[in-house]
Amino acid sequence: MSINLQTPIDYLKGVGPNRADLLRKELGIHTYQDLLNLFPNRYIDRTQYYKINQLQRNNADVQVIGKIIKFEEIAQKRGKRLVATFQDETGTMELVWFRGQKWIRESLKLNTTYVIFGKANWFNGKFNMPHPDIELQKEHEQNLRSAMQAIYPSTEKLSNKGITNRVMTKIMQQLFLESKRKFAETLPDNLRAELKLISKPEAIFNVHFPKTPELLSKAQFRLKFEELFYIQLQLILKNLIHKSKIKGFPFPVVGDYFNSFFKDHLPFELTNAQKRVLKEIRHDLGSNAQMNRLLQGDVGSGKTIVALMSMLIALDNGFQACLMAPTAILSAQHYNGLLELCNDLEISIKLLTGSSSTSERKIIHEELENGKLQILIGTHALLEDKVKFKNLGLAIIDEQHRFGVAQRSKLWKKNTSPPHILVMTATPIPRTLAMSVYGDLDISIIDELPAGRKAIKTVHRYDANRLKVFKFIRDEIAKGRQIYIVYPLIQESEKMDYKDLMDGYASIERDFPKPKYQISIVHGKMKPADKDFEMQRFIKGETQIMVATTVIEVGVNVPNASVMIIESAERFGLAQLHQLRGRVGRGSEQSYCILMTGHKLSNDSKTRLETMTKTSDGFEIAEVDLRLRGPGDIMGTQQSGILNLKIADIVKDNDILQLARFHAKQVLSKDPSLAAIENQVILNTYREMSKYRNIWNYIS
Ligand SMILES: Nc1ncnc2c1ncn2[C@@H]1O[C@H](COP(=O)(O)OP(=O)(O)OP(=O)(O)O)[C@@H](O)[C@H]1O
């Protein structure tokens, strides 16, 4: 019989109340299961020993054989520290304890051979090792089960609180002893046989106590596969359940609005990618299921027209549609853009933002409820309770990152049945991450830019070359082009940044004097109406230079703007730089992006700048970004749960992820309710995991 892995950690012999508390608080380990899932973050060879004269500063994971020749208690600010002089035939070093001195002093003997293990620090002209793992040499040799010793995360940090790596290893050994290694299998035999995966008990043992490097890598592979398999299974199941349970409004008709727009109003030929995506959307809208689709398209790839044409299908079927954007500027831009595109189509479109007046709101509320208003565009003001639709059929969300899952579901409740949802994002999400985080959404990708676009020339220039850059700006303005100059405005240092922006603005005004040059400025501290006014002046071409903060980051569309200057470019993340660059190159003219920095640059900044000058492929940039920052940062806190992966690594284990997704899909396509005998293992494991929410508690 297998043991109950939900037993609280306090019951494990050798843990005790203090350690149990530490394990809970510091490592989130509450149960035997949690402990088993504390996977080592590295392994070291415990048959290799250093001599004291071979030590290097800050040598982590060193082992030395020697004897304690002296103990000393040294008074310090608070209490005392115990220092032992440790000697081998090549020299001496110190072992230091800041707590537990009495017990340590009593349990260690002078002139007896020990093996010490830990991190060697260089301090006051000597090497020392604080809170070492220490064993009698004889015991060490007996205990040595394999050359590879697991090193657990955080034990270095916790060693002064009594949880050294040795303690952790002992606790783990005890767990294996008590459980007699009888862990239930969690993957079906047929899948294991097909993929040559070792059994669960073998995998779990070898990941903690690897017998050979080969077994270790087999164990890691099996456990990573399992972790990713169940996450994918969960996401795909959610999607299947969603599709079968939640009925969407079928939009069977493609009628006059769509057709007359397509025939008479389309200002350009759609790209093949736009056509393909529209087909996917039309297919969803025509089926009985509720659409839940993510539309990914690189900056400037033409998502807006796809959004509009999808809304026209809703209108053709007698439903209302809405489009929600993250900022007032963007909402206004969408609004003006759609008004222009729908020019004489006789569609009623209105804009609702935080700054809409009470009287405007009143009309909007009324017309929404009586169905007169067909398309509503706006910011999160759309989510207010007072905003009630007569029959909302399609909700489009631009830039999902800024809204998050909770808001997505709020839109759902705007109708008796949930409307179809289309989430648009211009921030390319690496495929791996999209698959893991948005597995519950179907994904469409516009992976082609409209014809005739010229690649944006991107260069990196040091501040010292500013005069040359200004000359370049003058030349471009003389050709009739417009320029963006963007300053960072990052929360923590807002005051400083604001000053930089204003100083920058003043110096640009000096170099580009009126009346020859007209300059707009837009930043977050301005009133929405003022921002809008300045934006409009730039859009209309009344000003040639737009000095701004990142408020213009997403979506702003001024095709005549051909130069993007980014000040202090080293302070921006890659995704942001890519977004900002996407504000130019939207027309047919050659466009440029100039990244300005000082000379002092960190390695990460250099990589970011090099990536930007080398490529304009949003997906490639996103992959580099993912490597530099890790997934949590990229997705923001809402989705950071993906970091809860216990053993797999979303970046490095991409191949295993693909494999896991393929098999999860295959299992569910043959047996969606997991009723087959061979899938009972999956069903039970899945239920067990959902019950204790241990690997996917990140899913909302
Ligand atoms: N098929 C096409 N042919 C030519 N121009 C197009 C095509 N599709 C879109 N455009 C134009 O390309 C520009 C960018 O389109 P749009 O604003 O929809 O991009 P986007 O995908 O929303 O990008 P971003 O996320 O950067 O705003 C617009 O000026 C639009 O009119």
Side-chain angles (χ1 to χ4, degrees), residues 261-263 265-279 281 293-312 323-343 377 396-403 422-429 443-456 481-482 484 486 535 538-541 548 550-562 564 566 574-589 591 593 616-619 621-622:
F261 180 81
F262 191 69
K263 279 197 213 106
H265 291 73
L266 203 57
F268 35 68
E269 166 101 9
L270 293 178
T271 62
N272 285 331
Q274 285 169 321
K275 286 184 199 159
R276 187 189 65 236
V277 167
L278 261 174
K279 230 187 221 166
I281 294 171
R293 189 168 277 280
L294 176 71
L295 172 56
Q296 278 201 64
D298 208 343
V299 287
S301 60
K303 293 181 289 294
T304 317
I305 203 94
V306 172
L308 170 65
M309 292 174 78
S310 312
M311 292 199 278
L312 295 180
L323 193 163
M324 184 163 82
T327 63
I329 291 183
L330 267 186
S331 314
Q333 182 181 290
H334 276 310
Y335 173 69
N336 292 323
L338 295 195
L339 271 189
E340 205 175 304
L341 283 167
C342 300
N343 195 356
I377 295 171
I396 300 184
I397 309 172
D398 193 6
E399 277 298 321
Q400 144 93 4
H401 288 175
R402 312 217 171 183
F403 292 113
L422 181 68
V423 178
M424 304 200 293
T425 173
T427 312
I429 303 161
I443 300 180
S444 288
I445 300 180
I446 307 188
D447 50 4
E448 179 187 356
L449 291 180
R453 290 271 174 84
K454 293 201 178 90
I456 302 167
R481 306 282 106 75
Q482 288 166 285
Y484 291 104
V486 175
M535 209 53 232
F538 189 66
I539 291 171
K540 286 185 207 143
T550 48
V551 288
I552 59 141
E553 182 188 336
V554 284
V556 171
N557 188 31
V558 182
N560 190 48
S562 66
M564 165 62 67
I566 305 176
L574 262 178
Q576 240 181 343
L577 289 173
H578 180 63
Q579 267 296 327
L580 285 168
R581 177 169 61 182
R583 296 313 105 213
V584 296
R586 304 173 81 86
S588 51
E589 301 304 331
S591 291
C593 174
S616 56
D617 177 339
F619 285 98
I621 290 174

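Numbers here are sequence positions counted from 1. One-based numbering, in listed order, for ligands and for the atoms of each. When reading the values below, keep in mind they use all heavy atoms of this one structure, side chains included, and skip hydrogens, waters and symmetry mates.
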Under a 4.0 angstrom heavy-atom cut-off, which atoms of ligand 1 come close to [X]?
{"X": "T271", "result": "1 (N)"}
{"X": "L270", "result": "1 (N)"}
{"X": "R453", "result": "11 (C), 12 (O), 13 (C), 14 (C)"}

Quiz item: ligand 1 and G302, any nitrogen or oxygen pair closer than 3.5 angstrom?
Solution: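 Among all N and O atoms of G302, at least one is under 3.5 Å from an N or O of ligand 1.
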
Quiz prompt | Sub-3.5 Å N/O-N/O distance, G582 and ligand 1 | solution =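 In this structure, G582 places no N or O atom under 3.5 Å from an N or O of ligand 1.
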
Exercise. Identify the two heavy atoms, one from I446 and one from G302, that lie closest to each other, and give their separation to 0.1 Å.
Key: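 Here I446 and G302 meet closest at CD1-O, 3.9 Å.
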
Quiz item: Under the side-chain contact (heavy atoms from CB on, under 4.5 Å) test, which residues partner T271, sequence neighbours left out?
Solution: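 Checked T271 against side-chain contact (heavy atoms from CB on, under 4.5 Å); matches are A273, Q274, E448, P450.
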
Quiz item: Is it true that a side-chain atom of R453 and a backbone atom of S301 form a donor plus acceptor pair closer than 3.5 Å?
Solution: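 Such a contact is absent between R453 side chain and S301 backbone.
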
Quiz item: With respect to H334, which candidate in L308, L323, I396 satisfies the side chain to side chain contact (heavy atoms under 4.5 Å, CB included) definition?
Solution: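 Looking at L308, L323, I396, the match for H334 under the side chain to side chain contact (heavy atoms under 4.5 Å, CB included) is L323.
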
Could you establish whether [X] and ligand 1 come within less than 4.0 Å of each other, counting only heavy atoms on the residue side?
{"X": "G297", "result": "no"}
{"X": "E269", "result": "yes"}
{"X": "Q579", "result": "no"}
{"X": "S301", "result": "yes"}

Exercise. To the nearest 0.5 Å, tell me how far F619 CZ sits from I445 CD1.
Key: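 It is 4.5 Å, given to the nearest 0.5 Å.
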
Quiz prompt | Distance in Å, L338 CG paired with N343 CG, rounded so as to fall on 0.5 Å steps | solution =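 Rounded to the nearest 0.5 Å, the CG-CG separation comes to 12.5 Å.
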
Quiz item: Considering H578, H334, R583, which one's heavy-atom position lies nearest to atom 26 (O) of ligand 1?
Solution: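 The residue whose heavy atom sits nearest atom 26 (O) of ligand 1 is R583.
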
Practice problem: Could I get the full list of salt bridge (Lys or Arg N to Asp or Glu O under 4.0 Å) partners for E340, not counting sequence neighbours? | Solution: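 E340: no salt bridge (Lys or Arg N to Asp or Glu O under 4.0 Å) contacts found.
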
